[in-house]
Amino acid sequence: MSLEDEFEKCQEIEFTHAQFLFRSYLFPVVYLFGILSNTINICVFSQKSMRNHTVNWFFLALSCSDLLTLVSSFFVFSVPVYAESSRDPEYIDWSVQLIVWFYPLAQTGLTMSVYVTILVSVHRYLGVCHPFLIRRISNSSAVKAVIFGAVVFAFVFNTSRWFELHAQPCFYDATGQTNSSVVYPTALMMNNYYTLIFRNAAYTIVMFFLPFAVLTYVNLRIIATLQQSYKMRKAMTTSRTKRSDSTVPTDTIITKIDGYSAVVPVENGNSPVSGIMMGGSNGGSVKYEKKENGVTVMLVAITTEFLLFNLIAFANNIIELSNIRFFQDIETLLVELSTFLVNVNGASTIIIYLIFGSKYRNVFIRLIRHHFGVNFCGDKPKRPMGFSQAHFETTQLLDNSKFDLNRSKQASIIRRSDITISIKSSSSKKPTP
């Protein structure tokens, strides 16, 4: 093969219309949005108020892995298209070198994202279905340890990716002057045993079968447990409402804490804080339960999005394993579409956080106001430190009730005293002869 043929071979590597459309127009929009959104996620989840909750460490690690995947994918998929379009040999050579370096990083980041998603799903599954077990084994150190294990596993599993591609120089004249470079697979990547064992069997099990099986199982169990808990709470609320509507003992008062009705006993003029709460044992537990349910629903949404957006990639991998061949254009379109959806999955988590995460929204708005001075809902009047509207209303209600009960008791005592005095005075009078 002559040097001219080598150069012609380099020139023949061109992108199809589908590849050019996805990689030059659609992918960059997703990359830009995803890099920005995951940077915001990292800023939010790294706040001290967010790090106090162990599950947010998983979301912080997931944002970091998604950011790594999106940045690396940009240099693997979009930059080469722009380089080929420019026809600049130096630009093409740089894009080739970037592919060789960022291709293994993209694979590593994707593996990290998959297994951090599995870890946080299992963590919430234990929290919802086995709450006593998770309280014994879950703490900040344990969560950091399993996240570190997932990172190490991702790098170890993708070690061979660093030896799959290399940059091959191209020549354009008989003198052997280098014009540019092109990406070629190495001997390792072309090895049949390596392709069969690692790229086909191991990759399919580790990146598709195992994640899909685990996430599907824990999602179904979490949803079933939440539905059962909702039905039990609804039945308890209905039964208590019927009892409270029929009659209320004279030594109790009805108040409202955090939006939940409560029957609080009053004994000897004292009003204990604890009461029979509709939806929880006290206001704190109700707020904690609502927060935990919100985190669980948010996680279910994230894992559901992961399963849906990786479904086509899973199907493509099965088709490749089974040696089923379609028209070349259809195969190319499916590959580009699956890559696009995987990138969208990593870029759109901020939307789920904003919809389902109330604490995330509060911290996000606070950071926007602090750095940019943006006020979304207008200035609100400042309240005294430690002021709680629900606590204030409840305290006032209890104090007024105590005052009314004490006043009625005093009136009763006065009335009894009047009766006693009148009886004594009538009995002390002597009958007239």
Parallel, tilted or perpendicular: ring planes of Phe208 versus Tyr203, cut at 30 and 60 degrees | perpendicular
Answer yes or no: is there a side-chain heavy-atom contact under 4.5 Å between Val182 and Tyr184?
-> yes
Looking at Leu215 and Val218, what are the two nearest heavy atoms and their distance?
-> O-CG2, 3.5 Å
Do Ser140 and Val143 have side chains that get closer than 4.5 Å, going by heavy atoms?
-> no
Quick one: salt bridge (Lys or Arg N to Asp or Glu O under 4.0 Å) pairs with a partner in residues 27-50, sequence neighbours left out?
-> none
Does the Trp57 side chain pair with the main chain of Arg51, one donor and one acceptor, at a distance under 3.5 Å?
-> yes
Short side-chain to backbone donor-acceptor contact, Ser95 and Ile92, under 3.5 Å | yes
Report the C-alpha separation of Leu126 and Ile137 in whole Å, then their side-chain angles, then the decisive distance to 0.1 Å, and conclude whether the side-chain contact (heavy atoms from CB on, under 4.5 Å) test is met.
-> CA-CA 10 Å; Leu126 295 176; Ile137 65 175; 4.3 Å; yes
So, do Cys64 and Ile42 sit near enough that their side-chain heavy atoms are less than 4.5 Å apart?
-> yes
What do you reckon, is NE2 of His17 surrounded by more than 12 foreign heavy atoms closer than 6.0 Å?
-> no
Compare all side-chain heavy atoms of Ser160 with those of Gln107 and state whether any distance is below 4.5 angstrom.
-> no
Is the backbone of Ala187 close enough, under 3.5 Å, to the side chain of Asn191 for a donor and an acceptor to pair up by distance?
-> no
Nearest non-hydrogen partners of Arg221 and Cys129, listed with the distance | O-SG, 4.0 Å
Test side-chain contact (heavy atoms from CB on, under 4.5 Å), reference Asn343, set Thr339, Asn345, Leu341, output is Thr339
Check the angle between the aromatic planes of Phe314 and Phe212 and answer parallel, tilted or perpendicular using the 30° and 60° thresholds.
-> tilted
Quick one: do Gln19 and Val81 satisfy side-chain contact (heavy atoms from CB on, under 4.5 Å)? Show the steps, please.
-> CA-CA 9 Å; Gln19 289 175 329; Val81 177; over 6 Å; no
Mind checking side-chain contact (heavy atoms from CB on, under 4.5 Å) for Val76 and listing every partner two or more places apart, or none if nothing turns up?
-> Phe102, Tyr103
Short side-chain to backbone donor-acceptor contact, Ser63 and Asn38, under 3.5 Å | no
More than 12 heavy atoms of other residues, nucleotides or ligands under 6.0 Å from CH2 of Trp162: is that the case?
-> yes
Phe153 atom CZ, over 12 foreign heavy atoms within 6.0 Å = yes
Ser72 side, atom OG; Phe77 side, atom CZ - distance, nearest 0.5 Å = 10.5 Å
Can you list the residues that meet the side-chain contact (heavy atoms from CB on, under 4.5 Å) rule with Ser78, with sequence neighbours excluded?
-> Phe27, Pro28, Tyr31, Phe74, Tyr82
Does the pair Phe198 and Phe157 meet the rule for a ring-ring contact (aromatic ring centres under 6.0 Å, His included), with working shown?
-> CA-CA 10 Å; Phe198 178 78; Phe157 180 74; 5.2 Å; yes
Between the main-chain N or O of Ala347 and the side-chain N or O of Ser37, is there a donor-acceptor pair closer than 3.5 Å?
-> yes
When rounded to the nearest 0.5 angstrom, what is the spacing between OG1 in Thr303 and CG in Asn219?
-> 3.0 Å
Nearest 0.5 Å please: distance from the CZ atom of Arg161 over to the OG1 atom of Thr111.
-> 7.5 Å
Do the non-hydrogen side-chain atoms of Ser181 and Gln168 ever get within less than 4.5 Å of each other?
-> no
Are any non-hydrogen side-chain atoms of Pro80 and Ile99 less than 4.5 angstrom apart?
-> yes
The side-chain contact (heavy atoms from CB on, under 4.5 Å) partners of Asn139 (sequence neighbours excluded) come to Ser141, Ala142
Side chains of Pro104 and Asn158 in contact at under 4.5 Å (non-hydrogen atoms) | no
Return each pair, listed once, that meets salt bridge (Lys or Arg N to Asp or Glu O under 4.0 Å) where at least one residue sits in residues 336-350; pairs must be two or more places apart or across chains.
-> Arg23-Glu336
Between Glu305 and Ser348, does a side-chain hydrogen bond (donor to acceptor under 3.5 Å, both in side chains) hold up when you go through it step by step?
-> CA-CA 9 Å; Glu305 180 192 34; Ser348 60; 2.4 Å; yes
List in chain and number order the residues that pass ring-ring contact (aromatic ring centres under 6.0 Å, His included) with His166, two or more places apart in sequence or in another chain; answer none if no residue qualifies.
-> none
ring-ring contact (aromatic ring centres under 6.0 Å, His included) partners of Tyr353, counting only residues at least two apart = Phe45, Phe59, Tyr360
Would you mind listing every salt bridge (Lys or Arg N to Asp or Glu O under 4.0 Å) that reaches into residues 193-212, with sequence neighbours excluded?
-> Glu164-Arg199
With rounding to the nearest 0.5 Å, note down the distance linking CZ in Arg124 to CZ in Phe58.
-> 10.0 Å
Crowded around Asn192 CG? As in, over 12 foreign heavy atoms under 6.0 Å?
-> no
Checking side-chain contact (heavy atoms from CB on, under 4.5 Å) for the pair His123/Thr54: CA distance, chi angles, key distance, verdict?
-> CA-CA 10 Å; His123 182 273; Thr54 55; 3.8 Å; yes
Provide the closest heavy-atom pair for Leu210 versus Val206 in the form atom of the first, atom of the second, distance.
-> CB-O, 4.5 Å
Please step through side-chain contact (heavy atoms from CB on, under 4.5 Å) for the pair Phe209 and Ile318, ending with a clear verdict.
-> CA-CA 10 Å; Phe209 278 123; Ile318 297 299; 3.8 Å; yes
ring-ring contact (aromatic ring centres under 6.0 Å, His included) with Phe356: which residues, sequence neighbours excluded?
-> none
Heavy-atom pair of closest approach, residues Ile147 and Ala61 | CG2-CB, 3.7 Å
Reported SG-to-NE2 distance for the pair Cys43 and His371, which is rounded to 0.5 angstrom = 7.0 Å
Leu119 to Ala150 - nearest heavy-atom pair and separation = CD1-CB, 3.8 Å
With sequence neighbours excluded, tell me which residues meet side-chain contact (heavy atoms from CB on, under 4.5 Å) with Val71.
-> Ile35, Leu67, Phe75
Would a 4.5 Å heavy-atom cut-off, applied to side chains only, mark Thr225 and Tyr125 as touching?
-> no
For the pair Lys231 (side chain) and Leu226 (backbone), establish whether a donor and an acceptor sit closer than 3.5 Å, ignoring hydrogens and angles.
-> no
What residues, two or more places apart in sequence or in another chain, satisfy side-chain hydrogen bond (donor to acceptor under 3.5 Å, both in side chains) together with Thr332?
-> none
Quick one: closest heavy-atom pair of Ser86 and Ala83, and the distance?
-> OG-O, 2.6 Å
Gap between atom CG of Asn56 and atom CD of Gln47 - 0.5 Å precision | 11.5 Å
Which pairs, with at least one residue in residues 57-73 and sequence neighbours excluded, count as a salt bridge (Lys or Arg N to Asp or Glu O under 4.0 Å)?
-> none
